[in-house]
Amino acid sequence: MKIWNKEIECAKRSDIEKIQLERLKHTVQHAYDNVPMYREKMENAHVKPSDIKTLKDISKIPLTTKQDMRGQYPFKLLAVPMREVVRIHASSGTTGQPITAGYTRSDLDVWSECIARLATAGGVTDEDIAQVSFGYSLFTGAFGLHGGLEKIGAAIIPISSGNTERQIHIMRDFGATVLIATPSYALYLAETASKLGMLDEIKLKIGLFGSEASTEEMRAELERRFHVIATENYGLTELMGPGVSGECEHKTGMHINEDCFLAEIVDPDTGEVLPLGEQGELVLTTLAKEAQPVLRYRTRDITRLIEEPCVCGRTQMRMEKIKGRSDDMLIIRGVNVFPSQIESVLLGQQGIGPHYEIVVSRKNYTDHLQVKVELVDAGLLESYSELEKLHSKIKADLRTVLQLDVEVTLVSPTTLKRFEGKAKRVTDLR
Ligand code: DLL
């Protein structure tokens with residue numbers, strides 16, 4: 001299996017750390033000199049760029065939060081003059097002020113290099129025809145993947161998201177072999193292909209999924225429906241977009257582009273750095289960004305770092321599948337619940353489809369968790385005993401995993417909302 005950049009991806013740890021330290025020193029100095037927010041934060045913490053002598057010294061630098069970044073809207077995080085910026089992306093801003101991301105020409109080169117590595121790790125070659133079903137917009141997903149796939153030499157179908165039936169026709173007619181989408185949109189596409197009776201005519205081999213949390217059960221469902229090898233990749237607008245990390249075909253964690261990003265795990269409550277291998281909040285620092293260097297960004301994503309080299313030969317550290325976001329975690333009657341735990345229980349159950357909705361409310365001063373799932377076969381609505389059996393099984397399985405009583409509502413087939421981008425499955429009415 002091909003490795004895009006063996007020199008970096010299979011480098012000795014000591015060599016990677018040497019590159020990281022050199023780039024970290026440069027990044028800290030660049031941010032300190034050119035971004036008032038970082039200078040102020042460092043001055044308040046009595047830290048100077050010259051205090052960074054080893055990689056561990058990074059913990060002297062204050063953490064950066066989403067809130068800090070929002071306060072710099074739109075361009076106060078830029079460390080270069082606007083004439084050097086050649087692209088601007090932004091987060092959707094659904095939960096507040098959007099966060100903008102500027103790129104120099106060199107940043108775009110680094111971005112496509114990072115994606116080329118991850119897409120190659122997922123099995124993509126210049127023989128492939130890749131359908132990009134992320135939205136081409138301010139969102140980083142489509143343009144990010146596009147740059148790397150072009151570098152590899154794959155033939156790109158820049159279809160963007162939406163217009164789902166047309167997506168299936170194009171996928172079949174153009175002979176797409178790679179699909180790039182969120183897992184939830186990929187599921188919707190598979191369902192639509194099936195409804196159109198065209199699933200067997202689709203020639204996909206590879207799914208490169210990302211941009212939202214999904215479970216192993218969701219991966220299995222996508223692989224089964226599309227007959228693909230599904231790998232996932234991770235990233236965020238604040239840091240660059242996709243390209244931070246991605247899985248190889250062994251699917252044992254996402255390889256981090258460690259020459260471009262320095263990863264730490266901190267305790268989500270205290271912000272203290274945790275020992276390698278412990279689960280906590282991922283904190284990332286850019287090592288190769290010119291336009292917008294980022295120091296110690298709290299991603300809110302919960303994961304664990306894996307240092308052992310992968311069987312694929314890559315030595316770069318891996319991060320486990322994201323368990324959820326610390327701010328997505330629901331506290332139900334004092335119990336911590338990640339939506340991913342619910343997804344794991346639901347997917348793979350006989351008789352129900354893979355779409356679901358979670359509604360949290362408060363009834364009589366008590367938290368109430370409702371899970372809505374679709375029946376696959378509407379005929380079941382006519383058999384009370386079958387329906388009751390299915391209902392009790394799902395409820396019992398959820399109880400075992402969550403240690404909570406959950407209201408399970410079975411709804412008619414194809415009545416729950418489908419998503420063309422990131423799914424929004426949780427409604428918290430409290
Ligand atoms: O979603 C960048 C991206 C695009 C990654 C395409 C991969 C593919 P944002 O819109 O800024 O950027 O959202 C970033 O999405 O903090 C995670 O919570 C979540 N996320 C992204 N990838 C994954 C993943 C893009 N593979 C936020 N697994 C991040 C779980 C993910 N969560």
Side-chain angles (χ1 to χ4, degrees), residues 64-66 69-70 88-101 103 111-112 114-115 117-119 121-122 124 130 132-149 160-161 178-186 207-216 218-219 222 230-248 251 253-257 261 263 268 281-284 286 292 294 297-304 318-329 338-340 343 419-426:
T64 304
T65 62
K66 196 187 243 330
M69 287 212 173
R70 282 187 172 143
I88 301 165
H89 282 284
S91 66
S92 62
T94 40
T95 54
Q97 193 80 275
I99 290 165
T100 42
Y103 306 76
W111 198 6
S112 42
C114 287
I115 297 286
R117 291 180 199 165
L118 305 182
V124 181
V132 180
S133 302
F134 281 136
Y136 278 76
S137 65
L138 282 179
F139 175 56
T140 54
F143 281 96
L145 266 297
H146 188 111
L149 292 164
S160 205
S161 63
V178 182
L179 172 64
I180 286 117
T182 57
S184 48
Y185 192 39
L208 291 187
F209 301 129
S211 186
E212 66 181 5
S214 68
T215 55
E216 281 302 336
M218 174 69 94
R219 185 210 303 274
L222 288 167
T231 59
E232 77 169 308
N233 55 88
Y234 168 89
L236 52 168
T237 314
E238 292 85 332
L239 271 288
M240 177 161 85
V244 172
S245 63
E247 289 175 321
C248 67
K251 306 176 220 173
M254 295 180 274
H255 294 271
I256 302 171
N257 277 314
F261 301 96
E281 178 180 342
L282 178 68
V283 166
L284 290 168
T286 61
Q292 219 167 294
V294 178
Y297 184 65
R298 293 191 66 155
T299 64
R300 296 276 165 202
D301 295 316
I302 305 294
T303 184
R304 173 181 284 128
R318 285 167 284 161
M319 50 186 262
E320 250 178 23
K321 225 171 174 16
I322 302 287
K323 186 164 178 215
R325 291 179 56 82
S326 57
D327 43 10
D328 274 356
M329 188 181 74
F338 278 107
S340 60
E343 182 175 297
F419 298 92
E420 293 174 352
K422 296 184 196 241
K424 184 183 177 310
R425 294 209 168 90
V426 181

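Position 1 is the first residue of the sequence, and the numbers go up from there. As the structure lists them, so they are numbered: ligands from 1, and atoms in each ligand from 1.
- Separation of atoms CG (Asp301) and CG (Leu236) is listed at 7.0 Å; rounding is to 0.5 Å.
- Of the protein's non-hydrogen atoms, Asn233 OD1, 3.4 Å is the one closest to atom 8 (C) of ligand 1.
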(request) Determine, stepwise, if the pair Thr140 / Met240 fulfils side chain to side chain contact (heavy atoms under 4.5 Å, CB included). (result) CA-CA 8 Å; Thr140 54; Met240 177 161 85; over 6 Å; no
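- In the vicinity of Glu232, heavy-atom distances shorter than 4.0 Å reach the ligand 1 atoms 24 (C), 26 (N), 28 (N).
- At a 4.0 Å heavy-atom cut-off, ligand 1 does not touch Ser91 at all.
- Atom CD of Glu420 sits about 9.5 Å away from atom OG1 of Thr182, to the nearest 0.5 Å.
- Taking the ring centroids of Tyr136 and Phe143, they lie under the 6.0 Å cut-off.
- By the 30° and 60° cut-offs, the orientation of the rings of Tyr103 relative to Trp111 is parallel.
- Summary of contacts: the protein heavy atom closest to atom 22 (N) of ligand 1 is Ser211 N, 3.1 Å.
- Asn233 and Pro242 make their closest contact through OD1-CB, 4.1 Å (heavy atoms, listed as atom of the first residue, atom of the second, distance).
- Nearest heavy-atom pair, Glu247 versus Thr231, reported as atom, atom and distance to 0.1 Å: OE1-CA, 3.3 Å.
- Within the 4.0 Å heavy-atom criterion, both parts of Leu236, backbone and side chain, lie near ligand 1.
- Atom 11 (O) of ligand 1 has its closest protein heavy atom at Thr237 OG1, 2.5 Å.
- Counting heavy atoms under 4.0 Å from ligand 1, residue Asp301 touches it through the side chain alone.
- With hydrogens and angles disregarded, a donor-acceptor distance shorter than 3.5 Å links the side chain of His89 to the backbone of Leu138.
- At the shortest separation from atom 25 (C) of ligand 1 among protein heavy atoms lies Gly235 O, 3.6 Å.
- The part of Thr140 lying near ligand 1 is the side chain, judged by heavy-atom distances below 4.0 Å.
- At a 4.0 Å heavy-atom cut-off, ligand 1 does not touch Phe209 at all.
- Those atoms of ligand 1 with a heavy atom of Gly141 less than 4.0 angstrom away are 4 (C), 6 (C).
- Here the protein heavy atom with the shortest distance to atom 10 (O) of ligand 1 is Lys422 NZ, 3.0 Å.
- Shown in contact with Ile322 at under 4.0 Å from a heavy atom are these atoms of ligand 1, numbered in order with element: 28 (N), 30 (C).
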Just do the side chain to side chain donor-acceptor pair (under 3.5 Å) check on Lys422 and Ser211 with the steps written out, would you?
-> CA-CA 7 Å; Lys422 296 184 196 241; Ser211 186; 3.1 Å; yes
